[in-house]
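Here's the structure we're looking at; comments come further down.
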Amino acid sequence: MGDKSLRRTGSNGMTRRGFIARTSSIAGAMVLAGPLLPAEAAAHAQASTAGAGPIENGARVPALVIGTGYGGSVAALRLAQAGVDVHMIEMGMAWDTPGSDGKIFANTTKPDYRSYWLRTRTKAPLSNFLGFPIDKDVPKYTGILDAEEMGGIIVYQGRGVGGGSLVNGGMAVTPKRQNFGAILPTVDAEEMYGTYYPRANAALGVGLIDPNWFETVDCYQFARVGRKHAQRSGFPFVFVPDVYDWDYMKAEVAGTVPKSAVAGEILYGNNAGKKSLQQTYIAAARATGKVTISPLHRVTSVSPASGGGYAVTIEQLNTDGAVTGTKSVTSDRVFFAAGSVGTSKLLVRLKATGALPRLNEEIGKGWGDNGNVMCGRANHMWDATGKVQASIPCGGIDNWDAGGAFAEVAPLPTGIETYASFYLSITKNPNRARFTWNAAANKVELDWQTAWKQPSIDMAKTIFDKINSKEGTIYRTDLFGTNKIWGDHLTYHPLGGAVLGKATDNYGRLHGYTGLYVIDGALIPGNTSVNPFVTITALAERNIEKIIATDL
Ligand code: FAE
């Protein structure tokens, strides 16, 4: 894997180097990952003490996982395979029941009650179009996308069983090997690229778009225009792997299956096609019969229990977000997998309020936004980007080494011709923020400032100023407000807050408490140079293997 996962293409789309371990089916992926055989799963199911329903008040359990995103799902599967009963606690919904329209998830163009976490108005990442605001009122509900407003930045996160995998674009990128030392300096790169990245890619079901199909299909015209402009300015365009089932997308285009990516579904869930964690790690974890998931349950406290292990307080929520009950359980081990923001907020509060006072001074530090910044360019009329755009990006512009930016060529699936090219850049932004406890306000705060995005803007400009000058084009100023070029108010990629080797040991064991672990994006110090979930997954695979071998 390594830098081979980014395939460099010529203008004819043919591969010049590299290859990706491609699996076209989830079943194939899970076989590669070495999970249970059906017979083993059935045996486990019988032997299991983990019930099917939500966790019960007063229960004593061997392992409790807070959150069901990438880190949590890896931990649950591998612990269950090692014979441990696992309880996963998830504040969001199960997302397994269709709404009145027969669909589980709302379309991006028609957000409704399902779309946002406890908001009465949508908070779309692109707030405007042609200068007009596009947000609209929605009923307050425990919806799928949380636009969490921290000081100076809106952090977008998935809520529900599957975490970020429910809402994200599925871009599954292994960082270039030469960048790994800067991403996780205390981790053995040899092991990661030899064992854990391949394991993660296989289990996630990562695959690459068929380059020949890419050349011909209308729904990737936007990406071909993006490639042409990149290459004319001398930047390499690379195909980016994804967990979307590319064969399914071909069938969508052929009109033989219900459309998801080609109907613009993304951000508020995909009703088909995307291999979210529900279809991969969580399906395999459930198949062991040893994993129970409690949706609409939110962990609020973890502290040492008098008889050993940890007392965990869990609030039960209804779909209005109201607390309908509180449960107290005890667990021998607790895995924090609530995402970078969720885990950091919990740990900072628990340390400050005396529940876990021995956590060290590194808790809450080292948070970054993966250098995310967005922008659009206005193309000439002869460079139409297409009325129908697949919602799944498949390529990016690599100027990391020279300019500190890797820009995804992203779709704008509006259903009309926009003549716009749209990009999400990941940049080498060096700024890091800290979570702290504000006792007076009774909440955790983040000291990120919007001005800290300036390095990201400067790095993205190394690509787009050059393209604009070459093409004789300009930036769009109507997507993030009126007369605003840069989407510098948000991130999709929160990372850090309980950094590996600082707040924890080199495998995620929290300093100060035996049996408490961090196993999600909070471990990664602020930047992965590419989209982060493959690295989060691979690191979790590495850490849980060590924990199972030495701590259980
Ligand atoms: P995460 O997946 O966020 O899971 C944490 C889970 O914990 C969530 O389900 C929470 O609801 C739950 N939780 C939080 N607090 C509690 C609590 N107190 N009690 C119980 N449950 C709790 O964490 N990354 C890529 O690599 N490629 C992409 O294409 C990509 N696109 C993205 C697009 C969007 C719109 C967004 C929002 C993100 C995108 N990401 C992408 C980022 C990626 O989804 C993210 O890095 C991972 O999901 C983070 O994984 P974690 O395991 O850290």
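Both counts, for ligands and for their atoms, begin at 1 and track the order of listing.
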Should the proximity of Ala337 to ligand 1, defined as any heavy atom under 4.0 Å, be assigned to the side chain, the backbone, both, or neither?
backbone
For ligand 1, note which part of Val161 has a heavy atom under 4.0 Å away: side chain, backbone, both or neither.
neither
Give yes or no for whether the N/O distance cutoff of 3.5 Å, strictly under, is met between Val534 and ligand 1.
no
Among non-hydrogen protein atoms, atom 38 (C) of ligand 1 lies closest to Tyr492 O, 3.2 Å
Can you report which non-hydrogen protein atom sits closest to atom 12 (C) of ligand 1, along with the distance?
Glu90 OE1, 3.4 Å
Does at least one non-hydrogen atom of His297 fall below 4.0 angstrom from an atom of ligand 1?
yes
Which residue, Leu523, Leu184, Thr174, forms the side-chain contact (heavy atoms from CB on, under 4.5 Å) with Thr535?
Leu184
Return a yes/no value for Tyr70: is any of its N or O atoms, backbone included, closer than 3.5 angstrom to an N or O of ligand 1?
yes
I need the single residue from Thr280, Leu204, Leu277 that forms a side-chain contact (heavy atoms from CB on, under 4.5 Å) with Thr537. Which is it?
Leu204
Quick check: Phe214 with Phe239 (ring centres under 6.0 Å apart)?
yes
Ignoring hydrogens, just give me the one of Val299, Leu317, Val155, Ile144 whose non-hydrogen atom is nearest atom 17 (C) of ligand 1.
Val299
Can you confirm if the aromatic rings of Trp486 and Phe480 lie within a centre distance of less than 6.0 Å?
no
Gly164 versus ligand 1: do any nitrogen or oxygen atoms come within less than 3.5 Å of each other?
yes
Contact partition for Leu495 relative to ligand 1, non-hydrogen atoms under 4.0 Å:
neither
For ligand 1 and Leu145, I'd like to know whether there is a polar contact (N/O to N/O, distance under 3.5 Å).
no
Using a 6.0 Å distance limit plus a 45 degree cone around the ring axis, check whether Arg542 lies over the aromatic ring of Tyr507.
yes
Taking the six-membered ring for Trp, are Phe222 and Phe422 ring centroids under 6.0 Å apart?
no
Please check whether Ser165 reaches ligand 1 - meaning an N/O of the residue sits under 3.5 Å from an N/O of the ligand, judged on distance alone.
no
Taking the ring of Tyr492 and the ring of Tyr156, is the distance between their centroids below 6.0 Å?
yes
With Asp146 as partner, the option from Gln157, Lys123, Arg159 fulfilling side chain to side chain donor-acceptor pair (under 3.5 Å) is Arg159
Could you check, using the six-membered ring where one of them is a Trp, whether Tyr517 and Phe336 have ring centers closer than 6.0 angstrom?
no
Ligand 1 and Gly72, any nitrogen or oxygen pair closer than 3.5 angstrom?
no
For atom 45 (C) of ligand 1, state whether the nearest protein heavy atom is under 4.0 Å away.
no
Let me know which of Asn128, Leu126, Ile134 forms a side-chain contact (heavy atoms from CB on, under 4.5 Å) with Leu479.
Leu126
Atom 31 (N) of ligand 1 sits nearest the protein heavy atom Asn168 CB, 3.1 Å
Taking non-hydrogen atoms only, is Ile536 closer than 4.0 angstrom to ligand 1 via side chain, backbone, both or neither?
side chain
